[in-house]
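Below, all heavy atoms of this structure are taken into account, side chains as well, without hydrogens, waters or symmetry copies.
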Amino acid sequence: MQPTFSVLFYPKGSNIDKNGMIPIYSRITIDGKRSEFSIGRKVLLSKWNSDAGKIRGTTSNVRELNRYMGSIRHKVTKLSETLVNTSFTRGF
């Protein structure tokens, strides 16, 4: 049976800096177990699109940050697929 897997990005509002910027975190959930980490970038809360899990706008900075989050999602997904395929071929 394949494990359930998801990657989510969200602003964590507990650490607002003096410019109103909030750190962006990523949460990885596998079979209901969560792990989260900061991606090392910040965003204005008013620019965050919760439904899409990314930043609103079309400036080059916004596009670069959304691409960066996409690359993180891609890398985490590929790692998950590799681990799942390895465990199934080894019979774990």
Separation between CZ (R56) and CG (D51), nearest 0.5 Å, reads 8.0 Å

Taken in chain and number order and not counting sequence neighbours, the residues that satisfy side chain to side chain contact (heavy atoms under 4.5 Å, CB included) with S6 are T29

Here the gap from K12 atom NZ to R27 atom CZ, rounded to the nearest 0.5 Å, amounts to 8.0 Å

What one should report as the nearest heavy-atom pair of L45 and P11 is CD1-CG, 3.8 Å

Note, R73 side chain near K78 side chain (heavy atom, < 4.5 Å): no

Apart from V43 itself, its cluster of hydrophobic side chains linked below 4.5 Å comprises F5, V7, F9, I24, I28, I30, F37, I39, W48, I55, V62, L65, Y68, M69, I72, V76

Value for NZ (K47) from CE (M21), rounded to nearest 0.5 Å, stands at 10.5 Å

*asked:* Can a donor-acceptor pair be found, under 3.5 Å and without considering hydrogens, that links the side chain of T4 to the backbone of D31?
replied: yes

When rounded to the nearest 0.5 Å, the distance separating CG of N66 from OG of S71 is 11.0 Å

By side chain to side chain contact (heavy atoms under 4.5 Å, CB included), K18 pairs with (sequence neighbours left out) none

